[in-house]
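Comments concern the structure below.
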Amino acid sequence: MSGMIGLTAAELAGHLHAREVTSVEVTQAHLDRIAAVEEQVHAFLNVNTDQALAVAAEVDSRRAQGEDLPDLAGVPVAVKDIVVTKDQVTTAGSRMLQGWVPPYDATLVRQLRAAGMPILGKTNMDEFAMGSSTEHSAFGPTRNPWDTSRIPGGSGGGSAAAVAAFEAPLAVGTDTGGSIRQPAAVTGTVGVKPTYGSVSRYGLVALASSLDQAGPCSRTVLDAALLHDVIGGHDPLDATSLPGVQPCYADAAREGAQADLTGLRVGVVRELGGEGYHAGVRDRFTESLDLLVGAGADVVEVACPSFEAALAAYYLILPSEASSNLAKFDGMRYGLRVEPTDGPVTAERVMAATRGAGFGAEAKRRIILGTYALSAGYYDAYYGSAQKVRTLIQRDFAAAFDQVDVLVSPTAPTTAFALGEKVDDPMAMYLNDVATIPANLAGIPALSLPSGLAENDLPAGFQILAPAKADASLYRVGAALEARQLAAWGGPLINRIRPLETAT
Ligand code: GLN
């Protein structure tokens, strides 16, 4: 991809600071690209042309006056539609919130605005972030820019597809069980789930509060780090926000790109990579592992036996928390309200009619499952047991990080599957998350970057996991691997994407 939209966020920032381009030009180029390819990709639920250009113009005039601006000032960004934006529709991919205009900005949106980043629009997602393909969006699926008959991953397929299709240089996603990393893997992009509590959750429509975490989507490791630097940090409005000042992740990425990894101990998680993983996905993983060895890293195999139960525990904990978080959509306070067409209009009947009409099949499935798991008499057997498994997984990670600095695995077991292939088979859909879920259950950070092209000539992902609060290690090791991949591949993987037919 050539021209302005082919540049990374770091490159755009460089040209903006040198005053070789204006933010209005950069933002307009991305808006033009959106207009040209959205019919095929459908990464966005809404595009904010006027607002984005207004912010761009303001940044340009401040720069012209000689003001010292933040690193990414003028670089446009897309935001997953689960993050609330003042005066701008936020739906979380649900009919329940169709047309809802929030009265406030999420903390991370305030941070983007303070950094002078024009917000291009809100990206598509599975309803309330439940899914691995975006097919559970109430507004139609997003398609994978590598092959538009295939899924872009989920729930944040819109953010990943926008970045892969060069509609945005950067996007914000959220990751409760893999919704940043699995879409990154299947679209050949980079996605990071930060340490739990390191990016504010204030103003995120809650799915599962003990797992939810916002993070960056990009085409390079450095770009992800630059965006993480903007959206991270302590927020007094989020009771689970980590205290303290975060390190500069962009510095870690820049240092990593030059680094020799001698002495780095890398653990391959034995449980993540066997049965159920495509052969091509495993081969590409091994090749990237060899690049790490070539850079000086010591690789050992590490056992995490409790990971076998991670998926089962997650699919009890998530529905339990979701059933509680989604109880507020009752037709009374905000969002959709449906009154029964026959019989009396009682509170219960309005709630039933609203929830019946407003939630899609997957949301209903999880609400029912979660309500059941939390009910008296079943609580200990299901939710209580799942929480014990969660502790065992945390202990497996703790034991593993006693031996190694980072852990690695394929990010997802397969490359992108066809639209329609798994949408009616919840178990098959859930199995996509097998390698991403352990990080959420333990609260640790994880990064996915491309490992090459595997089955059907589609991208596969390489996942790096680090101990809590060691997000900088992800950027350092990720950038070191990326630099070796660039040399081995003769350029970025994303450049091998087939050009989309453009509408103009
Ligand atoms: N695919 C997972 C799920 O359906 C992950 C969701 C997420 O991270 N938001 O729950």
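Note that ligands are numbered from 1 as they come in the structure, with each ligand's atoms numbered from 1 the same way.
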Original post:
So Tyr383 and Tyr379, would you call those rings parallel, tilted or perpendicular, with 30° and 60° as cut-offs?
Top reply: tilted
**OP:** Step by step, work out the ring pair (Phe, Tyr, Trp, His ring centres under 6.0 Å) result for Phe44 and Phe139.
**Re:** CA-CA 10 Å; Phe44 287 86; Phe139 309 110; over 10 Å; no
Subject >> Any N/O pair Leu318/ligand 1 closer than 3.5 Å >> reply: no
Original post:
Measuring from Asp175:CG to Ile180:CD1, what's the distance to the nearest 0.5 Å?
Top reply: 5.0 Å
Original post:
Quick one: which of Gly154, Ser133, Ser179 has a heavy atom closest to atom 9 (N) of ligand 1?
Top reply: Ser179
Original post:
Any non-hydrogen atom of Tyr430 lying under 4.0 Å from ligand 1?
Top reply: no
Original post:
Would Tyr382 and Tyr315 count as a close aromatic pair, with their ring centres under 6.0 Å?
Top reply: no
Subject >> Atoms in ligand 1 with a heavy atom of Gly131 nearer than 4.0 Å >> reply: 1 (N), 2 (C), 3 (C), 4 (O)
Subject >> Step-by-step side-chain hydrogen bond (donor to acceptor under 3.5 Å, both in side chains) determination, Arg201 to Tyr196 >> reply: CA-CA 10 Å; Arg201 288 187 301 111; Tyr196 180 77; 3.2 Å; yes
**OP:** Kindly confirm or rule out an N or O of Ala129 lying under 3.5 angstrom from an N or O of ligand 1.
**Re:** yes
Subject >> Protein heavy atom at shortest distance from atom 10 (O) of ligand 1 >> reply: Tyr314 OH, 2.6 Å
**OP:** Considering heavy atoms of the protein only, find what lies nearest to atom 2 (C) of ligand 1 and give residue, atom and distance to 0.1 Å.
**Re:** Asp433 OD2, 3.1 Å
Subject >> Sub-4.0 Å atoms of ligand 1 with respect to non-hydrogen atoms of Ser155 >> reply: 9 (N)
**OP:** Would you mind checking if Glu301 and Arg270 are paired as a salt bridge, meaning a charged N to carboxylate O distance below 4.0 Å?
**Re:** yes
Original post:
Which bit of Arg366 is near ligand 1, meaning a heavy atom under 4.0 Å away: side chain, backbone, both or neither?
Top reply: side chain
Original post:
Phe417 ring centre to Lys422 NZ or CZ under 6.0 Å, with the angle to the axis within 45°?
Top reply: yes
**OP:** May I ask you to check whether Lys80 has an N/O atom sitting below 3.5 Å from an N/O atom of ligand 1?
**Re:** no
Subject >> Check: Thr174 N/O within less than 3.5 Å of ligand 1 N/O >> reply: no
Original post:
How close do Leu170 and Leu72 get, heavy atom to heavy atom, and via which atoms?
Top reply: CD1-CD1, 3.9 Å
Original post:
When the aromatic ring centroids of His228 and Tyr475 are compared, is their separation below 6.0 Å?
Top reply: yes
Original post:
What atoms in ligand 1 come closer than 4.0 Å to a heavy atom of Asp175?
Top reply: 8 (O)
**OP:** For residues Val408 and Phe285, report the shortest heavy-atom separation together with the two atoms involved.
**Re:** CG2-CZ, 3.8 Å
Original post:
Looking only at distance, does Ser132 have an N or O less than 3.5 Å from an N or O of ligand 1?
Top reply: yes
Subject >> Residue portion contacting ligand 1 (non-hydrogen atoms closer than 4.0 Å) for Thr176 >> reply: both
Subject >> Taking atom 3 (C) of ligand 1 as the reference point, the nearest protein heavy atom with its distance >> reply: Tyr315 OH, 3.2 Å
**OP:** Kindly give the heavy-atom pair with the smallest separation between Val199 and Pro194, and that separation in Å.
**Re:** CG2-CG, 3.8 Å
Original post:
Does any N or O atom in Leu207 lie less than 3.5 angstrom from one in ligand 1, N or O only?
Top reply: no
Original post:
How does Phe128 reach ligand 1, by side chain, by backbone, by both or by neither, if only non-hydrogen atoms under 4.0 Å count?
Top reply: neither
